[in-house]
Amino acid sequence: MNESDVIIGIGGAAGDGVASAGNTLALSVARQGQGVYAYNSYQSVIRGGHSWLRLRISAKKPLNHGDQVDALIALNQDTLDRHLQELVAGGVALYNSAKLRPSYKPRAGVQLCPLPVADLTPAYRDLPVMQNTVAVGAVIRLIGLDFAGLESVLESTFAKKPQVVKVNMDAARAGYEYAAAHFQPLPSQLHQADQKWALVTGNELIAMGAALAGCKFYCAYPMSPATHILEWFAGHGKQLGICVRQVEDEISVINMTIGASHMGARSMCATSGGGFALMTEAIGMAGMIETPVVVVNVQRAGPSTGVPTKTEQGDLTQALGASQGDFPRIIIAPTSMPDCFTTPAVAFHVADRYQCPVIILADLLMCEGNETVDPAFLDVDFPINRGELITTAAGAAGGRTSATEEPYLRFKVTESGISPRAVPGVPDHLYVAGTDEHDEDGVLISDVYTDTVRRKKMVDKRVRKMAEVATELPAPRVEGPIDADVTLVGWGSTWGVLTEAVERLNRDGISTNHLHIKFLVPLHVAEVSASLGKSRRIIVVENNQSGQFARHLRAETGIVAHGHIRKYDGEPFEPKHIVAGVKRILKTGTKVVDVLSTESGWQTEHPTGTSGDWPGRRASASAAVRTEAAEV
Amino acid sequence: MAIAVAEKPLEMKDFKPEVPPDWCPGCGDFGVLNALFQACAELQLRPHEILVVSGIGCSSNLPGFFRSYGVHSLHGRALPFATGAKLANHAMTVIATGGDGDGYGIGLNHFIQAMRRNIDVTYIVMNNEIYGLTTGQVSPTSEVGMKTKTSPHGNLEGMLNPMALALASGCGYIARGFSGQPKHLMKLYADGIRYPGFALIDVFSPCVTFNKQNSYDWFRKRVYKLEDTRHDPTDFHAAMDAALQWGERIPIGLFYRSPKPGPSLHTQ
């Protein structure tokens, strides 16, 4: 571990304020120049359950949420019981001693930090949530940072209520000072840096990126984990001149979005796998009537309702096969939270240029996760190119009068397959856009005038558009040593975890490099084949059960991976999982390694009792629980 | 170098494209289409400022037989498409068309939501009480007991009442026409298009091929015009009474026109 890298875990029941404590902490350290990557493992309940938020903090921006806990903030007894055993020597556990006490002895070298919250803040009597403020104050001291960051966050959070600022400030300071006087700081200390950070979620970045790319219509139906995109647009749409609607279902969502786009407005919608399934028929319509549309699928664990609050990369096959028939589509998987910001601009660009549906495959991990990004990164002007769009009567050619011009053919057969698109409302370009097969002028050839030659001509015209797309998009490049023994291949949100795993494997003497795929369709077949052709051992890493990407890779390139590391237990990969998985494949020749997060914190007592007893909750058995690596 | 030339007044023929309709001879939809030509000429709408959006079904082929911008979208989805289009370009006159299966069956949810939403779209439903394009299956507006290919022992399910549903859903302009009376129909269209919010015009449009029960004669014997009675279209309760009438006498005409139309969604 990098020595200036600290992971803080905050746990409690829903309603205990885990997320807001985490947010205060993240903002406070960010204002001290620290980069943050946060992952919140939570459940679909409003009260109760177990929420487990991990914040990885470092002056060098963290790329993932890491794989251990250095400091534990337990907001309830359950959290203390579950996670105390995960701490290793040097770790600290903070808890409210007025309410909680450890039910077993931690490992040697772990520091217990009981906080007498009731004595430290009189406000605790009426406001139990003050324990969070005290704990945040204390932990900031223990990781070596100044109180100033927290001070400024509390001031801005409660700016309108000076009394509340004072109460919180006093509680936080009491925690900070109590920690200074009574506890040992963490072995790895953070140092204030000058970097300014903005703390954002992937969902916010997708929304902001789309708005900056000229999105003028956004429509959605609430569905976790994509709902925050809708909330962001609803909050900012008016100011930005974006029409934002929440409507009755995802079928309506996508049809309305395509309707708006058909009239010339850049339009986007977002959902998760179930809503995406409802949208599929209309995605085919966009392909057929050649109207651009951008659809975001923030994947969660399926199938069906699945695990709504858990992450997965399980919708690739669905996206590849969405809707009947053959038509051009483009599928892009952003590879990190910052990439969520730039991806909508790319998606709109290719949607407009190739007049087809573009699917952005994001996932819960990066969309609900918080990460710090450099504010300068957000200050961009995306170039906007609407493709071959006709918005005036003069048309694409310009100048010629309608009397001498050939009749306008909306679906004109061209070499590129792209036909100039007139926006309805423009004089002299009347056409009907039909979901039935149609000729170049839009007249249906599906019913009375069925015609094999024209039918084939139109399919070929549409599909021809795909030939050029890949040349316009950057091909993936191998990261790490070229001549490595192992090549890890991933796609989408796993880039940060893989990057760290590759570093560690190389440090452990296993020469490893990394090929990461962002553009799934079209896949850069020639470049990917050339890169992987040099690989001695290809291991595909993906967050699903069946190896959806491995199958796609094989279908497109004929390349059969030597090994697979997969995870579908609801939780994201951690670097240690990849490292252990690669070692196991190399050592035993195992083809498929299914990773399972086995730390006690991930397990719950379930009233059905079908999962049997588990050792994590019982203090007596705690020593038996392994925390170094998942059982792979 | 624009030279001002007074535009010639638009006539019916300006809305007729080269492609003739492929409906069965005698289909009620011819009357619906002709009345629409007349209404657009009456209103002097310019073809490039009209967008006709349809779903799927015999009647949804209408945009192909009408000279304007058109979209022949998905089964049941004309209204969300039309809503998105109107929200994106307020200057267009947006007309949605379709059949009873399209609008009152697969697209029913959108129908109710569009009325509740009050988007300035005129919705023309060619209601023939049957699925025609799929060659004669029971529809949401088929009468109880009606025998079709998929209800050979008689339809067990109650008829959907679009007029009562529209009233209950907050629709501000509710009318019903009969394609056997195109002049009357034309007037309902023109008023509906002028109405500054969502307007429903349900049209009895007989399917001469697959619905032998609800024929022209069947309707001719039963329909009467509300305009010929003392019906007050601003009276919600009177409109509901009219909406519930079915059987020997069936009202057509303007059922309800909101005396205080709310703002259309696109203006807010």
Side-chain angles (χ1 to χ4, degrees), chain A residues 216-217 219 238 243-245 247-267 269 281-286 288-289 291 293 323 393 401-402 407 410 422-436 438-439 441-444 446-449, chain B residues 15 17-22 46-56 58 60-94 96 106-107 109-110 112-114 116-117 119 121 133 265-266 268:
Chain A
K216 288 293 162 205
F217 187 90
C219 188
K238 204 159 195 159
C243 181
V244 184
R245 301 306 308 152
V247 298
E248 61 269 25
D249 56 30
E250 285 87 352
I251 299 175
S252 190
V253 165
I254 180 109
N255 283 281
M256 229 177 252
T257 308
I258 296 170
S261 178
H262 192 71
M263 306 306 278
R266 272 195 167 175
S267 306
C269 56
E281 188 190 22
I283 286 172
M285 169 169 74
M288 188 60 153
I289 67 174
T291 295
V293 66
S323 214
T401 65
S402 57
R410 164 65 188 97
V423 171
V426 174
D428 303 323
H429 290 78
L430 301 182
Y431 65 92
V432 175
T435 55
D436 283 63
H438 42 259
D439 206 344
D441 57 3
V443 171
L444 305 194
S446 58
D447 296 339
V448 177
Y449 311 103
Chain B
F15 299 96
E18 289 158 25
V19 181
D22 56 11
R46 295 191 292 179
H48 71 267
E49 289 168 353
I50 305 172
L51 181 75
V52 184
V53 185
S54 69
I56 294 294
C58 291
S60 287
N61 287 341
L62 185 141
F65 315 134
F66 189 86
R67 207 177 144 263
S68 73
Y69 280 103
V71 179
H72 189 173
S73 77
L74 295 172
H75 195 29
R77 316 302 168 206
L79 285 176
F81 196 110
T83 303
K86 183 71 186 181
L87 288 173
N89 185 347
H90 302 177
M92 294 293 272
T93 297
V94 180
I106 191 168
N109 188 8
H110 309 311
I112 296 170
Q113 307 283 354
R116 182 176 76 81
R117 211 163 263 150
I119 179 80
V121 167
L133 190 62
L265 183 68
H266 76 277
Q268 294 173 58

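A note on names: the letters A, B, ... follow the listed sequences, proteins ahead of strands, and every chain is numbered from 1.
Shown here for A:A265 and B:A88, the closest heavy-atom pair between the two residues is CB-CB, 4.2 Å. Taking every heavy atom of both residues into account, B:H48 and A:L430 meet most closely at CA-CD2, 3.5 Å. Between B:F81 and A:I258 the shortest heavy-atom distance is CE1-CG2, 3.7 Å. Between A:M256 and B:P80, the closest heavy-atom pair is CG-O, 3.1 Å.
A:T435 places a side-chain N or O within donor-acceptor distance of the main-chain N or O of B:H72, the cut-off being under 3.5 Å. Put simply, the side chain of B:Y69 never gets that close to the backbone of A:A433: no donor and acceptor are under 3.5 Å apart.
Atom CD of B:Q268 has more than 12 heavy atoms from other residues, nucleotides or ligands within 6.0 Å.
Inter-residue side-chain proximity for B:H110 and A:D249 is flagged as met; some heavy-atom pair is nearer than 4.5 Å. Between A:M285 and B:S73, some side-chain heavy-atom pair lies under the 4.5 Å cut-off. At a threshold of 4.5 Å between non-hydrogen side-chain atoms, the residues B:Q113 and A:V247 do not count as touching. With contacts defined as side-chain heavy-atom distances shorter than 4.5 Å, the pair B:L74/A:N255 qualifies.
Contact of A:F217 with chain B is made through the side chain alone, with heavy-atom distances under 4.5 Å. In this structure, the portion of B:I56 lying under 4.5 Å from any heavy atom of chain A is its side chain and not its backbone. Only the backbone of B:S68 comes within contact range of chain A, with at least one heavy atom under 4.5 Å from a heavy atom of that chain. Only the side chain of B:L265 comes within less than 4.5 Å of a heavy atom of chain A; its backbone N, CA, C and O stay farther away.
Taking OG of A:S252 as the start and CZ of B:R77 as the end, the distance is 8.5 Å to the nearest 0.5 Å. A distance of 10.0 Å separates OG of A:S267 from CG of B:L87, quoted to the nearest 0.5 Å. Separation of atoms CG (B:N109) and CD1 (A:I251) is listed at 8.5 Å; rounding is to 0.5 Å.
Considering only heavy-atom pairs separated by less than 4.5 Å from chain B, the leading option among A:R410, A:R245, A:K216 is A:R245.
One finds a salt bridge joining B:R117 and A:E248 here, because a Lys/Arg side-chain nitrogen approaches an Asp/Glu carboxylate oxygen to under 4.0 Å.
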